[in-house]
Amino acid sequence: MQQTIKQNIFEKALQRPTVFKDKNLITPHHIPQELPFRDKQIEEIMHNLAHTLHGAKADNIFVYGVTGCGKTCVTKHVMQQLIEFAKAKNVPVDGCYINCRTHSSKYRVLIKAVQEFYPSENFMGYSATFVHEKLINYASEGREVVIVLDEIDMVKDVDDLVYELTRANDEIGKGSISIIGISNNLRFRDNLDPRTKSSLCEHELVFPPYNAEELYEILRQRTEVAFKPKAVQNSAISLSAAFAAKESGDARTAVMLLLRAGELADKKGSEKVSDDEVMQAKCRVEEELIFNMIDTMPKHQKLVLYTIAKLSMEKKPMKTLAGVERKGVLFSGEVYDEYCGVAKGFGESTVSTRWYRQYISELELYGLITTTASGKGMKGQTRFIKLGYEPRRIFESVEKEFK
DNA sequence: CCTCCACAGGAAGCGCAGGAGT
DNA sequence: ACTCCTGCGCTTCCTGTGGAGG
């Protein structure tokens, strides 16, 4: 006997009420149509690229500013507009966007660019000269080509790359190649070869970080399109903006915060995103960051952190050493001894005390622990170590790995 | 005052893996 | 395919520091 087919489990997910109208519009990858507070930058890039529409080479531009200040968004936006316009007017202008984090050498960048211009062919494995020629040929057909190199500081042989691309213009008769380099590393520019610097930085553009009011406006605009009407309280937007502004003026963080807050509201079945959800989302985003960080740590650093968490939880009655008050505060030497025991327990070797101290300084740098130098009343010199985060969560997450 | 303790942290060097050059 | 080079993770060794104790 056949039973009636049960409702598909995903049906329930679809029927579930949500605060979102279109969630895609509030992910950090989405490029919005409007880019507030960046008119000046858009104008400047646009003016420069407009030369290409008259059949002339555009200046190379170097764009820099901290993460999440709109560099990539603005550049992509202007490029998109340029190419759309050129296509509509039938002007031979073309361009491509390359993220140098994934294409981190001259060769890989060139391959990627040529691949964009000849999508039907495969150039992987061809010699660097061949790829170079192919790119020149493409421009020589009378095209003004603009290549955007995002995170350009990640390219190992960046001097070679910029030299080759700028020099290519000497070989091209009609047509040109221009570069837009984007970086959030402010020192990168100063470390460039002087010749590279002068050719890449014909035009420089600085993107300042957003302040709280600007972030508020950005979030408000995104909320309007991504969330259902009145689903997000104004105070929740302000709070997200304030958190992000305090950290670094990073719009990406602000957007992520609001996205997570929306997801939390959905999970709870709430129709509104309030301050509470934003606060919780902030904790979650922080937690995600912390656990990602722990995830990528070397094994023994994890064990050291685990030991600190373990000892902080145990809160052993202190060895009465000159009456030092001890609330979750540990001695450096004591942690090392315990760590050796813990490592043995897991069947692991141990690192030397020197390297252990290195790990401790790093953990402090990450903000996972705080240390203070021993003052009076202590024999010799040591560091007091205190965990800056709830020990149980760390303890459990690391323990899972070694069991 | 000298020595010891219990560390901090710099410098040098070692073994290894992975990439570049030939 | 082979060697050479380089960066990384780590150890060993060393010097420095400041209170405790003889």
Side-chain angles (χ1 to χ4, degrees), chain A residues 98-112 123-132 151-164 185 187-188 191-193 196 292-308 310-312 316-326 328-344 346-388 398 401-402:
Chain A
I98 298 170
N99 189 330
C100 302
R101 186 176 285 272
T102 40
H103 302 88
S104 56
S105 70
K106 181 183 91 178
Y107 180 67
R108 284 184 203 167
V109 166
L110 291 180
I111 287 270
K112 172 77 180 161
F123 296 96
M124 214 51 202
Y126 282 75
S127 78
T129 0
F130 179 85
V131 178
H132 173 82
E151 301 195 61
I152 189 171
D153 46 305
M154 302 298 280
V155 179
K156 274 174 288 180
D157 40 4
V158 68
D159 289 314
D160 281 354
L161 174 68
V162 173
Y163 177 72
E164 197 163 314
N185 184 352
R187 277 180 312 179
F188 164 73
N191 295 336
L192 285 173
D193 184 292
T196 313
N292 279 343
M293 198 150 64
I294 295 178
D295 233 33
T296 56
M297 272 181 203
K299 189 167 67 185
H300 284 278
Q301 192 162 27
K302 280 183 204 172
L303 283 175
V304 169
L305 186 65
Y306 170 83
T307 308
I308 296 171
K310 181 169 175 257
L311 287 175
S312 328
K316 281 185 299 190
M318 61 176 284
K319 307 171 233 163
T320 37
L321 262 166
V324 177
E325 188 64 38
R326 213 171 125 202
V329 176
L330 310 160
F331 297 110
S332 174
E334 166 196 35
V335 172
Y336 183 73
D337 291 344
E338 183 69 24
Y339 150 78
C340 290
V342 165
K344 260 196 202 122
F346 286 127
E348 299 284 348
S349 55
T350 54
V351 294
S352 64
T353 52
R354 178 68 192 89
W355 201 246
Y356 155 77
R357 285 196 290 275
Q358 187 66 36
Y359 277 161
I360 290 289
S361 337
E362 280 173 26
L363 287 174
E364 186 176 24
L365 206 72
Y366 299 154
L368 289 171
I369 59 170
T370 50
T371 70
T372 35
S374 67
K376 284 196 174 180
M378 266 300 298
K379 195 166 78 172
Q381 226 188 3
T382 186
R383 266 157 123 181
F384 296 141
I385 299 169
K386 197 165 188 281
L387 198 61
V398 180
E401 263 196 66
F402 288 93

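Basis for what follows: all heavy atoms, side chains included, without hydrogens, waters or symmetry-related copies. Reminder, nothing fancy here: chain letters follow the sequence lines and each chain counts from 1.
For the pair A/Trp355 CH2 and B/dA8 P, the computed distance is 15 Å after rounding to whole Å. The nearest whole Å value for the distance from the OH atom in A/Tyr339 to the P atom in B/dC7 is 16 Å. Taking atom CD of A/Glu364 as the reference point, atom P of B/dA8 lies 11 Å away to the nearest angstrom. The interatomic distance linking A/Phe384 (CZ) with C/dG19 (P) rounds to 13 Å, in whole Å. We find that CG of A/Leu330 is positioned 16 Å from C1' of B/dA6, with the value rounded to whole Å. Atom OH of A/Tyr359 and atom C1' of B/dA8 are 18 Å apart (whole Å).
Shown here are the side chain to side chain contact (heavy atoms under 4.5 Å, CB included) partners of A/Gln358, two or more places apart in sequence or in another chain: A/Arg354, A/Trp355, A/Glu362. Every residue two or more places apart in sequence or in another chain that forms a side chain to side chain contact (heavy atoms under 4.5 Å, CB included) with A/Ser361 is listed here: A/Arg383. Partners of A/Lys344 by side-chain hydrogen bond (donor to acceptor under 3.5 Å, both in side chains), not counting sequence neighbours: none found.
When ring centroids are compared, A/Tyr359 and A/Tyr356 stay outside the 6.0 Å threshold.
A close approach under 4.0 Å does not occur between any side-chain nitrogen or oxygen of A/Tyr356 and OP1 or OP2 of C/dT11. A/Ser332 has a side-chain polar atom (N or O) that falls below the 4.0 Å cut-off from OP1 or OP2 of B/dA8.
Nucleic acid contact class of A/Thr350 (heavy atoms, under 4.0 Å, all strands): sugar-phosphate only.
Between the side chain of A/Tyr339 and the backbone N or O of A/Val351 there is at least one donor-acceptor pair closer than 3.5 Å. Without hydrogens or angle criteria, A/Glu164 side chain to A/Leu161 main chain gives no donor-acceptor distance under 3.5 Å.
Remark: the A/Glu364 side chain and the A/Thr371 side chain contain an N/O donor-acceptor pair separated by less than 3.5 Å.
When all heavy atoms of A/Thr350 and A/Ala343 are compared, the closest pair comes out as CG2-CB, 3.8 Å.
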Can you pull every protein N or O that's under 3.5 Å from an N or O on nucleotides 19-22 of chain B?
residue: B/dA20; atom: OP1; partner: A/Lys156; partner atom: NZ; Å: 3.2

Dump every N/O contact between nucleotides 9-12 of chain B and the protein below 3.5 Å, one line per pair.
residue: B/dG9; atom: OP2; partner: A/Arg383; partner atom: NH1; Å: 3.1
residue: B/dG9; atom: N7; partner: A/Arg354; partner atom: NE; Å: 3.4
residue: B/dG9; atom: N7; partner: A/Arg357; partner atom: NE; Å: 3.2
residue: B/dG9; atom: N7; partner: A/Arg357; partner atom: NH2; Å: 3.1
residue: B/dG9; atom: O6; partner: A/Arg357; partner atom: NH2; Å: 3.1
residue: B/dG10; atom: N7; partner: A/Arg354; partner atom: NE; Å: 3.3
residue: B/dG10; atom: N7; partner: A/Arg354; partner atom: NH2; Å: 3.1
residue: B/dG10; atom: O6; partner: A/Arg354; partner atom: NE; Å: 2.9

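Among pairs with a residue in residues 297-306 of chain A, those fulfilling salt bridge (charged side-chain N to carboxylate O under 4.0 Å, His left out) read A/Lys299-A/Glu348, A/Lys302-A/Glu401, at least two apart in sequence or across chains.
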